[in-house]
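The sequence lines fix the lettering, A, B, ..., with proteins before strands; numbering per chain opens at 1.
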Number of protein chains: 2
Amino acid sequence: EKMVIKGVAHDVDIARIAVIGVADKPGMAHKLFKALADQGINVDIILQSIGRGGTKDISFTVSKSNLKQAVDIIKGLLDELGATDVKYAEDIAKISVVGAGMANNPGIASLMFEALAEEGINIEMISTSEIKISCLIPKEDIERAVKAVHKKFQLDSVA
Amino acid sequence: EKMVIKGVAHDVDIARIAVIGVADKPGMAHKLFKALADQGINVDIILQSIGRGGTKDISFTVSKSNLKQAVDIIKGLLDELGATDVKYAEDIAKISVVGAGMANNPGIASLMFEALAEEGINIEMISTSEIKISCLIPKEDIERAVKAVHKKFQLDSVA
Ligand SMILES: C[C@@H](O)[C@H](N)C(=O)O
Ligand SMILES: C[C@@H](O)[C@H](N)C(=O)O
């Protein structure tokens, strides 16, 4: 599939929450996201990667206005989830490369990471799909990041 | 945005690799994915979540046929990445709910996780985008999972 990068998107109205040490048994992810859905909390990215010692960390992003409520809901659930802690940060921003045919182009992710690396920008979280590669980075770096990624993919910088 | 679930997809030709304890400084993700791209290794999902102790675990999925080569490449890179280990598993499968307007429906993820929880199926990894929610689960549970998720979203089971 020919790689077609349509543009670069970014979002600064974002906060990330991580529930640390969730028991790795069926039903825990459901308990967490049902509690958030029941309160109408919109969740953007959900990430659960490899865990350590039989537990998993479940991270997700919400808008800044939902951060406090989401954290309060989780604090009330920590015992039921067998989790040890909830961590959050709002000094972050999301930058995404949007296109088609990503899945068959191993080089796209590498190029995006290269653009950020050359600017000395640290990648805090990564989430990908067929049509999009998203990175969470420090909020103060978002302008530089957008310019660097536009340049790397030779996109018209006015996109 | 009205939630429109188009279907349930699954993939059993998948293996997951996790690079454990990557140094959390600019350039590391680029080094890893450039090495894979240079060898033409197609990567599907990339996940980097919250880390522990100043390092991050970077997970990604490849086809089963690329597993051995990808692991060999990473083993040669562990020092440069400041990483401690590379772990992999191929007894997994991916199940995805595909639709539109996911991002504005906090209940979709919760419903998918509920379908898996009710079947006692453990979720190993989670990755989401606006149009898709994907879970890695034990390979032997994939048939039950597809049926349960179809039923939960009241989709025609023949999709
Ligand atoms: C950690 C959490 O995802 C758990 N494995 C579950 O299935 O709910
Ligand atoms: C861990 C890795 O993502 C690192 N933070 C980087 O920017 O490359």
Colleague: What part of B:Lys132 lies closer than 4.5 angstrom to a heavy atom of chain A: side chain, backbone, both or neither?
Modeller: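 Side chain only.
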
Colleague: State plainly whether the residues A:Glu124 and B:Lys56 are in salt-bridge range, i.e. N to O under 4.0 Å.
Modeller: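 No, this pair does not count.
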
Colleague: Would A:Ile133 end up clustered with B:Ile17 when hydrophobic side chains under 4.5 Å apart are linked, directly or stepwise?
Modeller: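 Cluster IDs for A:Ile133 and B:Ile17 match.
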
Colleague: Would you indicate whether the side-chain heavy atoms of A:Leu47 and B:Gln48 approach each other to under 4.5 Å?
Modeller: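 B:Gln48 does not reach A:Leu47 side chain to side chain.
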
Colleague: Tell me whether A:Glu140 at atom CD has more than 12 heavy atoms from other residues, nucleotides or ligands lying less than 6.0 Å away.
Modeller: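 Yes - once you tally the heavy atoms of other residues, nucleotides and ligands closer than 6.0 Å, there are more than 12.
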
Colleague: I'd like to know which of B:Ala37, B:Pro26, B:Gly40 tops the heavy-atom pair count under 4.5 Å against chain A.
Modeller: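 Among B:Ala37, B:Pro26, B:Gly40, the one with the most close pairs to chain A is B:Pro26.
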
Colleague: Among B:Ala29, B:Ala117, B:Gly27, who wins on heavy-atom pairs under 4.5 Å with chain A?
Modeller: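 Among B:Ala29, B:Ala117, B:Gly27, the one with the most close pairs to chain A is B:Ala29.
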
Colleague: If you group Ile, Leu, Val, Met, Phe, Trp and Tyr by side-chain heavy-atom gaps below 4.5 Å, do A:Ile137 and B:Ile50 land in one group?
Modeller: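 No, no single cluster joins them.
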
Colleague: Are the side chain of A:Thr128 and the backbone of B:Ile46 linked by a donor-acceptor contact shorter than 3.5 Å?
Modeller: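 Yes: the side chain of A:Thr128 pairs with the backbone of B:Ile46.
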
Colleague: Tell me whether A:Ile45 shares a hydrophobic cluster with A:Ile142, the cluster being built from Ile, Leu, Val, Met, Phe, Trp, Tyr side chains joined at under 4.5 Å.
Modeller: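 No, A:Ile45 does not connect to A:Ile142 through the hydrophobic network.
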
Colleague: Would B:Phe113 and A:Leu32 show up in the same hydrophobic cluster when neighbours are defined by side-chain heavy atoms closer than 4.5 Å?
Modeller: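 Per the 4.5 Å side-chain linkage, B:Phe113 and A:Leu32 are co-clustered.
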
Colleague: What are the residues of residues 67-89 of chain A, in order of number, with any heavy atom under 4.5 angstrom from a heavy atom of chain B?
Modeller: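 When heavy atoms of chain B are the reference, residues 67-89 of chain A contributes A:Lys87 within the under-4.5 Å range.
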
Colleague: For chain A, which candidate among B:Arg52, B:Lys25, B:Glu118 shows the most heavy-atom pairs at distances under 4.5 Å?
Modeller: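 Looking at each of B:Arg52, B:Lys25, B:Glu118 in turn, B:Arg52 comes out on top.
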
Colleague: Of the listed residues (A:Gly120, A:Cys135, A:Ser110), which shares the most heavy-atom pairs with chain B below a 4.5 Å separation?
Modeller: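 Most heavy-atom pairs within the cutoff with chain B belong to A:Ser110.
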
Colleague: Looking at every heavy atom in both A:Ser49 and B:Ser59, which two are closest together, and how far apart are they?
Modeller: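 Nearest heavy atoms, A:Ser49 then B:Ser59: OG-OG, 2.8 Å.
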
Colleague: Could you tell me which portion of B:Ile123 (side chain, backbone, both or neither) has an atom closer than 4.5 angstrom to a non-hydrogen atom of chain A?
Modeller: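 Looking at B:Ile123, backbone and side chain both touch chain A.
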
Colleague: With rounding to the nearest 0.5 Å, note down the distance linking CG in B:Asp57 to CG in A:Asp57.
Modeller: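 Reported to 0.5 Å precision, the distance equals 8.5 Å.
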
Colleague: NZ of B:Lys64: more than 12 outside heavy atoms within 6.0 angstrom?
Modeller: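 Yes, because the 6.0 Å sphere around NZ of B:Lys64 holds more than 12 heavy atoms from other groups.
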
Colleague: Check whether B:Val62 and A:Ile126 end up in the same hydrophobic cluster, where Ile, Leu, Val, Met, Phe, Trp and Tyr are linked by side-chain heavy atoms less than 4.5 Å apart.
Modeller: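 Linked, B:Val62 and A:Ile126 end up in one cluster.
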
Colleague: Are any of the side-chain heavy atoms of B:Leu111 and A:Lys34 separated by less than 4.5 Å?
Modeller: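 No, their side chains stay 4.5 Å or more apart.
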
Colleague: Looking at chain B, which one of A:Glu119, A:Met125, A:Glu114 has the largest number of heavy-atom pairs inside 4.5 Å, strictly under?
Modeller: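 Looking at each of A:Glu119, A:Met125, A:Glu114 in turn, A:Glu114 comes out on top.
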
